[in-house]
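Notes to accompany the following structure.
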Amino acid sequence: MLGIIRVITLEEEASIHLHGKLIERRFGLPVMSRCIQDQPLGVFNDATEAESVPKIIALARELERSGCTAIGISCAADPALLEARAAVGVPVLGAGSCAAHLAMAYSSRVGVLTILTEVPPFIRSILGAAYVGMDRPDGVTTTLDLNTPEGRAGALAAAARLVERGAEAIVLACTGFATIGLAAELEEKLGVRALDPILSLGAAVAAAASSPDRSSRI
């Protein structure tokens with residue numbers, strides 16, 4: 001069982017389980033999803049990330065007690081990744097670092113599409129010399145802004161700018177891009193490999209589950 005930690009406060013059950021359902025449909029993995037509380041706009045700057053850390057740790061412990069054998073942090077900034085790993089005895093994966101590692105398997109020229117003013121540190125360190133730059137959609141400051149026609153159009157335009165700068169693969173460094181299914185559109189319209197953070201997380205867990213010594217644990 002994979003436990004997904006949503007780093008945004010959501011009320012509707014369908015919204016809470018959306019990212020988990022993406023993984024279930026693609027990889028056939030059982031998923032349990034939980035949200036942190038009192039963060040209706042999610043994690044989008046240093047202050048909101050710091051606020052989320054103790055909540056993520058608490059949820060990681062709760063999911064482990066509930067029987068989850070792997071935990072995924074559904075945020076491309078991978079908040080509390082190291083702290084959660086220290087707090088539980090099961091593997092903890094971050095959506096952003098999973099997408100960055102997978103991007104490196106496809107290209108040595110990788111761009112990052114984000115809603116932040118800087119590339120998340122884990123992603124930047126993984127990409128190393130393959131990093132060609134970052135871009136962000138105009139007018140988008142939180143993940144909720146992506147759920148508008150203007151936000152989606154801005155994301156497509158920002159990705160196109162990364163391709164113009166030489167990116168052959170793009171890490172989608174916000175799980176809101178997974179929510180709106182942007183990766184498939186970028187690949188169709190721009191001809192670039194786009195790494196969805198949620199599906200990258202699912203791929204990493206599925207790969208671990210298929211190995212002979214781990215298949216019975218995840």
Side-chain angles (χ1 to χ4, degrees), residues 2-20 22-23 31-64 71-88 92-100 112-127 134-148 150-152 154-155 158-159 170-182 195-201:
L2 169 63
I4 288 289
I5 298 176
R6 301 295 308 274
V7 299
I8 185 172
T9 305
L10 301 166
E11 301 299 332
E12 295 182 358
E13 286 296 310
S15 298
I16 293 170
H17 297 289
L18 175 60
H19 290 173
L22 293 175
I23 292 174
V31 179
M32 179 185 298
S33 299
R34 296 287 186 271
C35 286
I36 63 173
Q37 297 301 307
D38 302 319
Q39 292 199 215
L41 298 180
V43 171
F44 56 92
N45 57 24
D46 290 343
T48 53
E49 180 171 346
E51 185 181 354
S52 76
V53 169
K55 303 172 186 179
I56 292 169
I57 294 170
L59 270 187
R61 289 172 171 154
E62 177 186 322
L63 288 166
E64 183 183 33
I71 293 169
I73 299 173
S74 179
C75 178
D78 297 344
L81 179 61
L82 300 182
E83 294 91 338
R85 284 174 174 170
V88 300
V92 181
L93 296 87
S97 52
C98 286
V112 178
L113 185 63
T114 180
I115 65 170
L116 305 174
T117 56
E118 297 180 350
V119 176
F122 280 110
I123 292 177
R124 183 65 186 87
S125 64
I126 291 166
L127 295 182
M134 62 161 281
D135 212 316
R136 57 186 301 201
D138 293 335
V140 172
T141 56
T142 77
T143 186
L144 299 179
D145 296 330
L146 294 171
N147 292 307
T148 65
E150 295 80 9
R152 190 182 193 97
I170 296 177
V171 172
L172 303 185
C174 175
T175 56
F177 295 128
T179 301
I180 65 173
L182 184 67
L195 287 307
D196 181 302
I198 295 302
L199 295 182
S200 297
L201 171 61

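Only a predicted model underlies this, so the values are computations on that prediction, with no experimental measurement involved. FYI, the numbering just counts along the sequence from 1.
- Checked by atom type and distance alone, the side chain of Thr114 never pairs as donor or acceptor with a backbone atom of Val119 at under 3.5 Å.
- The backbone N or O of Ala178 lies less than 3.5 Å from no partner atom in the side chain of Thr175, so there is not a single donor-acceptor pair.
- At distances below 3.5 Å, not a single donor-acceptor pair connects side-chain atoms of Glu49 with backbone N or O atoms of Phe44.
- Remark: side-chain polar atoms of Asp135 are not paired, donor with acceptor, to backbone N or O of Ala159 under 3.5 angstrom.
- Ser200 places no side-chain N or O within 3.5 Å of a backbone atom of Leu195 that could act as its donor or acceptor partner.
- The CZ atom of Arg152 sits 9.5 Å away from atom CG of Leu146, with the distance rounded to the nearest 0.5 Å.
- The neighbour count for Asp46 CG, taken as heavy atoms of other residues, nucleotides or ligands under 6.0 Å away, does not exceed 12.
- Checked against side-chain hydrogen bond (donor to acceptor under 3.5 Å, both in side chains), Glu83 has no partners two or more places apart in sequence or in another chain.
- With hydrogens and angles disregarded, a donor-acceptor distance shorter than 3.5 Å links the side chain of Arg6 to the backbone of Ser15.
- With sequence neighbours left out, Arg61 forms a side chain to side chain contact (heavy atoms under 4.5 Å, CB included) with Ile57, Arg65, Ala87, Val88.
- Side chain of Asp78 to backbone of Leu81: no donor-acceptor contact under 3.5 angstrom is found.
- For Glu13, the side-chain hydrogen bond (donor to acceptor under 3.5 Å, both in side chains) partners two or more places apart in sequence, or in a different chain, are His17.
- Looking only at atom types and distance, the side chain of His19 has a donor-acceptor partner in the side chain of Thr179 under 3.5 Å away.
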